[in-house]
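The block underneath contains the structure these notes are about, expressed in structure tokens.
Keep in mind that this is a model prediction, so the values were computed, not measured. Letters go in sequence order (proteins before strands), and every chain restarts at 1.
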Amino acid sequence: MTLRLYDTASRTVRDFVPVVTGKVGIYHCGLTVQGPPHLGHIRKEVTFDVLRRWFEFRGYAVTLVANITDIDDKVLAKETEQDGPWWAIAYANVRALHAAYTALGCLPPTYEPRATGHIPEMVELIAQLIERGHAYPADDGSGDVYFDVRSWPDYGTLSNQRLDDMEPAADADARGKRDPRDFALWKGHKEDEPVTASWPTPWGRGRPGWHLECSAMVGKYLGDEFDIHGGGLDLRFPHHENELAQSTAAGRPFARYWMHNAMLNLDGEKMSKSVGVSLLVSDVATRFRPIDVRYYLIAPHYRSIIEFTEAAMAEAATAFQRVEGYVVRATEVTGGIDPAVGEPDPDFTAAMDDDLSVPAALAALQRAVREGNKLLADGDSPALADNLAGVRRMLGLLGLDPLDPLWVGATDRTGSSQAIDGLVAALLDQRQEARARKDFAAADAIRDRLGEAGVEVEDTPQGPRWTVVG
RNA sequence: GGCGCCGUGGCGGAGUGGCUACGCAGCGGCCUGCAAAGCCGUGUACACCAGUUCGAUUCUGGUCGGCGCCUCCA
């Protein structure tokens, strides 16, 4: 079966056909590093991490490029709010983003280009656009360079809007614009802005407009025509519309597929940087296990809005821990397996091929877990090992295998020092002796004492097992 | 005003012109010394009103409600 993806531009689900057979180039808009990432930002990262893992499973050589926009109005504005130069603030937020990636099990992108490192590529693109008659330097001496939307009849196709219905762009004084909807490719240096935030160009010193960096960088690393361009749905317009216009007007075919993930809302509204930052990844990760957070973020379809609530998050954690519990117990019984030999359930594969239908894929996974639990009741067997391998393979494709080195430490439910192992084992021996002589009061007393110390005891057909909780 | 998305059982969340989503919670049972975990069983769910149809939660139109974008946004 072919992989099918929903393409925002055509508003249909289409068979995926790569530019180059066997390869896929994906570019998704990383962050404008004006602040540390919140749960909404990381939803996007996790979504594209799952996409990337699925393409790799399907045998594609994946090139994943996620940019960092480290210079723009908002970043500069932080300089006056916070103590420190804009570039230090941007860098600190890059580091926070990397910490969030790691915490939530996202594989690093193939490359992570930064806007400030690609000024020459941007200048080149502007020159091409001016030469072709689609951009012009403002005649008010501001040093701004604008994209001429009237010169590009296709402007508006991505967001399905007509130019005449659009409101004026407010990214600069309209004085130098030919049309109020023209957007800035380049912004001339202003007296009150730091000189460090300006670069020389044929049109004077200045800094890039918001959209230019992505067109320049995607062109450099993925080519004039590439496979998939992604990002949050809120980027569809103006950001992606403008990228598309800039690139195609410069003669570059650009993205074949546009993928946009839906927002994560809080209190019924989109989490917005301008409304105030809440639900920082660094904060959520202290209240919930990161692997549970990842499950919560990918369990709904990527094109469905997530209304964040603590209750739903906690419920998702319970749901995932059921799966995780099976993996842990089955691993204890089988002695461990190599997940690479596992085969995903056909229903799982079909669901993932169908525009990354993770909810349906998880339903298949849950059925496999139920089967596994039944097998587990009979102890070790080839069928159990087989099932466990399949379950772990499926989990791995979602970045959720609890035994992946990625998560070790964070989710280790049995790990403790050898001393604790010995002490608990000794107490459990005493309890087993008590049970053997039907002294259940003594046996339960030992279990209660262990429970008070945070050690939970369960009796299984293979004997008692214990885990450290909390 | 323009362009879109969504309203599913107590909760989360898929999907389909007729056939069990799945999970959480609840209830009943099995297993267990007890428990935990697990397994089995268990729900007149598709905002409202019309229309199309043999049949609509699914398609069409309308109403109500919620959300996103229209140059800060993931």
What N/O pairs connect the protein and nucleotides 40-43 of chain B at under 3.5 Å? Give each pair on its own line.
| residue | atom | partner | partner atom | Å |
| --- | --- | --- | --- | --- |
| B:rC40 | OP1 | A:K374 | NZ | 3.2 |

When you compare the protein's N or O atoms with those of nucleotides 16-19 of chain B, which come within less than 3.5 Å of each other, and at what distance?
none

Polar pairs (N or O, both sides) under 3.5 Å between protein and nucleotides 11-13 of chain B?
| residue | atom | partner | partner atom | Å |
| --- | --- | --- | --- | --- |
| B:rC11 | O2 | A:E315 | OE1 | 3.3 |
| B:rC11 | O2 | A:E315 | OE2 | 3.3 |
| B:rG12 | O4' | A:E315 | OE2 | 3.4 |

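The side chain of A:R367 sits closest to B:rA21 out of B:rG23, B:rA21, B:rG38. Across B:rC34, B:rA36, B:rG68, the shortest atom-to-atom separation from the side chain of A:E458 is found for B:rA36. The A:R431 side chain lies nearest to B:rG33 when the options are B:rG33, B:rU71, B:rC72. Taking every side-chain heavy atom of A:R322 into account, B:rG23 is the closest of B:rG23, B:rU71, B:rA14. Of the candidates B:rU71, B:rC24, B:rC70, B:rC70 carries the atom nearest the A:Q161 side chain, counting heavy atoms from C-beta on. Among the nucleotides B:rA21, B:rC24, B:rA35, the one closest to the side chain of A:T318 is B:rC24. The side chain of A:Q34 lies closest to B:rC72, out of B:rC22, B:rG33, B:rC72.
A donor N or O paired with an acceptor N or O is found under 3.5 Å between the base of B:rU71 and the side-chain atoms of A:Y155. The base of B:rG2 lies outside donor-acceptor range of the side chain of A:R162, with no N or O pair under 3.5 Å. The base of B:rG1 lies outside donor-acceptor range of the side chain of A:D165, with no N or O pair under 3.5 Å. Residue side chain A:D72 does not reach the base of B:rC72 through any donor-acceptor N/O pair under 3.5 Å, judged by distance alone. In terms of polar N and O atoms assigned as donor or acceptor, the side chain of A:R303 never comes within less than 3.5 Å of the base of B:rC5 in a complementary pairing.
Screening A:D448, A:D459, A:D439 for a salt bridge (Lys or Arg N to Asp or Glu O under 4.0 Å) involving A:R431 leaves a single residue, A:D459. When A:T331, A:D401, A:N387 are each tested for a side-chain hydrogen bond (donor to acceptor under 3.5 Å, both in side chains) with A:R392, only one passes: A:D401. Each of A:W152, A:F237, A:F147, A:Y146 was checked for a ring pair (Phe, Tyr, Trp, His ring centres under 6.0 Å) with A:F183, and the lone residue meeting it is A:F147.
The CG-P distance, from A:D459 to B:rA36, rounds to 12 Å in whole Å. Put simply, NZ on A:K74 is 14 Å from P on B:rU71, counting in whole angstrom units. As rounded to whole Å, 17 Å separates atom P of B:rC5 from atom CE of A:M259. Here the P atom of nucleotide B:rA36 and the CD atom of A:E456 are 10 Å apart, to the nearest Å. Residue A:D439 contributes atom CG, which lies 16 Å from atom P of B:rC34 at whole-angstrom precision. For the pair A:R236 CZ and B:rC5 C1', the interatomic distance rounds to 9 Å; values are reported in whole Å. One atom, CG of A:N265, and another, C1' of B:rC69, lie 13 Å apart when rounded to the nearest Å. The CZ-P distance, from A:F237 to B:rG4, rounds to 14 Å in whole Å.
With hydrogens and angles left out, the side-chain atoms of A:Y27 and A:D227 include no donor and acceptor closer than 3.5 Å. There is no side-chain donor-acceptor pair under 3.5 Å between A:T110 and A:T63. Using a 3.5 Å distance cut-off with no hydrogens or angles, the side chains of A:Q321 and A:D292 do pair a donor with an acceptor. Residues A:T157 and A:D154 have side chains that never bring a donor and an acceptor to within less than 3.5 angstrom of each other. Under the 3.5 Å distance criterion, with hydrogens and angles disregarded, no donor-acceptor pair is assigned to the side chains of A:D70 and A:W86.
For residues 295-306 of chain A, the set of pairs meeting the salt bridge (Lys or Arg N to Asp or Glu O under 4.0 Å) definition, not counting sequence neighbours, comprises A:R303-A:D355.
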Worksheet item: Given the rule in the ring-ring contact (aromatic ring centres under 6.0 Å, His included) test, do A:H118 and A:Y221 qualify, once you have shown the distances and angles that lead to the verdict?
Response: CA-CA 11 Å; A:H118 296 77; A:Y221 298 108; 5.5 Å; yes
Worksheet item: Stepwise, does the side-chain contact (heavy atoms from CB on, under 4.5 Å) test hold for A:R95 with A:Y91?
Response: CA-CA 6 Å; A:R95 288 170 46 98; A:Y91 181 60; 3.4 Å; yes
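When the C1' atom is compared between B:rC46 and B:rG13, the two are found 13 Å apart, to the nearest whole Å. Nucleotides B:rG23 and B:rU32 have their P atoms positioned 25 Å apart, rounded to a whole Å. Spacing between B:rC64 and B:rU52 at atom P, rounded to whole Å, works out to 23 Å. Of the P atoms belonging to B:rC59 and B:rG66, the separation is 23 Å, rounded to the nearest Å. A gap of 31 Å separates the C1' atoms of B:rG18 and B:rA25, to the nearest Å. Rounded to whole Å, the C1' atom of B:rG43 lies 27 Å from the corresponding atom of B:rC49. Rounded to whole Å, the C1' atom of B:rU42 lies 27 Å from the corresponding atom of B:rA47. For the P atoms, the distance from B:rU53 to B:rU58 is 16 Å, rounded to whole Å.
With A:E456 contributing its side chain and A:G451 its backbone, the two residues share no donor-acceptor pair below 3.5 Å. Between the A:R294 side chain and the A:L104 main chain, a donor and an acceptor come within less than 3.5 Å of each other. Here the side chain of A:D283 pairs no donor or acceptor atom with the backbone of A:L280 at under 3.5 angstrom.
Ranked by how close their nearest RNA chain B nucleotide is to the 5' end, A:G231 and A:V149 are led by A:V149.
Classified by interplanar angle (parallel below 30°, tilted 30° to 60°, perpendicular above 60°), the ring pair A:F254/A:W258 is tilted.
Residue A:G30 is classed as a sugar-phosphate contact, given heavy-atom separations below 4.0 Å to backbone atoms only. No engagement by A:V358 is indicated, since no non-hydrogen atom pair under 4.0 Å with the nucleic acid exists. Among the heavy atoms of the strands, none lies under 4.0 Å from A:L376.
RNA chain B forms stems at B:1-7 with B:64-70, B:10-12 with B:22-24, B:26-30 with B:38-42, B:47-51 with B:59-63, each a run of 3 or more consecutive Watson-Crick or G-U wobble pairs whose two key distances fall under 3.5 Å.
Every residue was checked against the ring-ring contact (aromatic ring centres under 6.0 Å, His included) condition with A:Y326, not counting sequence neighbours, and none meets it.
In this model, the phosphate group of B:rA36 is not approached by any side-chain N or O of A:R329 to a distance below 4.0 Å at OP1 or OP2. Between B:rG4 and A:N160, a contact under 4.0 Å exists linking OP1 or OP2 to a side-chain N or O.
Remark: A:R4 engages A:D15 in a salt bridge, criterion side-chain N to carboxylate O under 4.0 Å.
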